[in-house]
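Report on the structure given below.
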Amino acid sequence: MSPRGWAVLTLAGLAVALVVAGALLIPWSRPPAPRADQLAALRSLPVDQVTRGRAFHAALRPGGYGALAVGLAVALLLGLTPLGSRLVELAGRPFGGHWTARAVLGGLAVVLLADLLTLPFAAWRQTVLTRYGLSTQGWGGWAVDLLKSYAVSAIIGGLALLGFYAVVRVAPRWWWAFGAAGAAGLVVLLSFVLPVLVEPVFNRFTPMEQGPLRSELMTLATRDGVPVRDVLVADASRRTKAVNAYVSGLGPTRRVVVYDTLLREATPAEVTSVVAHELGHAKDRDVWVGTLTGALGAAAAVVALYLIGSWAPLLRLAGVDSVAEPRAFPLLIALVTVVGLVAAPVQALVSRRVEARADAHALALTGDPATFEAMQRRLAGVNLADPDPPRWEYLWSASHPSTVERIAAARAYARESGR
Ligand SMILES: [Zn+2]
């Protein structure tokens, strides 16, 4: 069988694996609370809080969709015309057009150009965050964060580009197989490495100070049967007033992180409720599931790019001979961008179901729906959430159930458990 035949077979296998993993590991049987209950929850929220959250999101919207449109236009313009391949050539020219220069500098130039063209939208977003008092950062801090994120992307992206195009040279007929394995491996590696190497670039993490709250949280984790080495506090207040918590990392790098803003704003019982939600992610191995599906998806994407990339009309548009040459990188970016847009609602749906399960875990673990509801109100108020966002926006991009869904779920729990 030809490499192409094997690629079709591999892609089919990966697609089946993704569907099976999705069917078995995603908690699909957890539909949102009835709409009537959500509306009752909405009516119970302070009117000025709802108005302010909606105004904030309305102010963010034009910039958000502007960035999306410009990003897509740039990706298509560079990928589906010879402009992108010329940019890659140009970046490699000072080094005699050597393949490593084209691969790394050319690839980074394409990504950087797209970043720079959407930069005005990012700056506009920052002005909105400042106007609404959510950002605590001046332009200096904002710029430093931006440069740090460029540097991190350049290091990880540069290594990935170098590795990928080296494989293409060593195995010109089978690069897609090594590339798929490499992409999957990279996803797994980043899950281990990001919390240790990248998160500290942006925030300082300190173990939560000894005291009744810390003891309470460690006891909660033990009672839950989730071994947590530590609860870390991130100095998020240097950047934002928003409150949050999250769990990241795998195995030895797994950690529960709470924002210092959360400790400042919320009552200890509410912090416990938030951490109980994060313990749910740990208990259900959500980071593992995300890493596994991410790795399968990345592998499938490489094989699919190989197959789509041999389509002659596409190569003619991009002005390249093969999808495997560095000059075709902008074409790959264009395809990935389009697939990313199509996949966004699916990813959002999966994320919402996983988050709803963590909410249910928090309710069952604490047995305290009243505090859960108070915490949701506080979260929405401080973070200027739209408690009941427009339907299309929710379906397109909401990674968490809406505030009114979460409150309705807490009330349903209270009714069923008689609390
Ligand atoms: Zn969560």
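First listed ligand is number 1; within each ligand, the first listed atom is number 1. What's counted below: heavy atoms across the whole structure, side chains too, no hydrogens, waters or symmetry copies. Numbers here simply count residues along the sequence, with the first being 1.
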How many N, O or S atoms of the protein are nearer than 2.8 Å to the Zn ion (ligand 1)?
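For the Zn ion (ligand 1), protein nitrogen, oxygen or sulfur atoms under 2.8 Å: 3.
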
Does Arg238 make a cation-pi contact with Phe202, if we ask for NZ or CZ under 6.0 Å from the ring centre and within 45° of the axis?
no

Using the ring of Tyr132 (Phe, Tyr or Trp, six-membered ring only), decide whether Arg52 places NZ or CZ under 6.0 Å from its centre and within 45 degrees of its axis.
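Not satisfied by the 6.0 Å and 45° rule.
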
For Arg411, is there an ion pair with Glu373 - N to carboxylate O distance below 4.0 angstrom?
yes

Who pairs with Arg327 by salt bridge (charged side-chain N to carboxylate O under 4.0 Å, His left out), at least two apart in sequence or on another chain?
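Applying salt bridge (charged side-chain N to carboxylate O under 4.0 Å, His left out) to Arg327 gives Glu89, Glu325.
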
Going by the angle between their ring planes, with limits at 30° and 60°, are His281 and His277 parallel, tilted or perpendicular?
perpendicular

Taking the six-membered ring for Trp, is the centroid-to-centroid distance between Tyr165 and Trp175 below 6.0 Å?
no

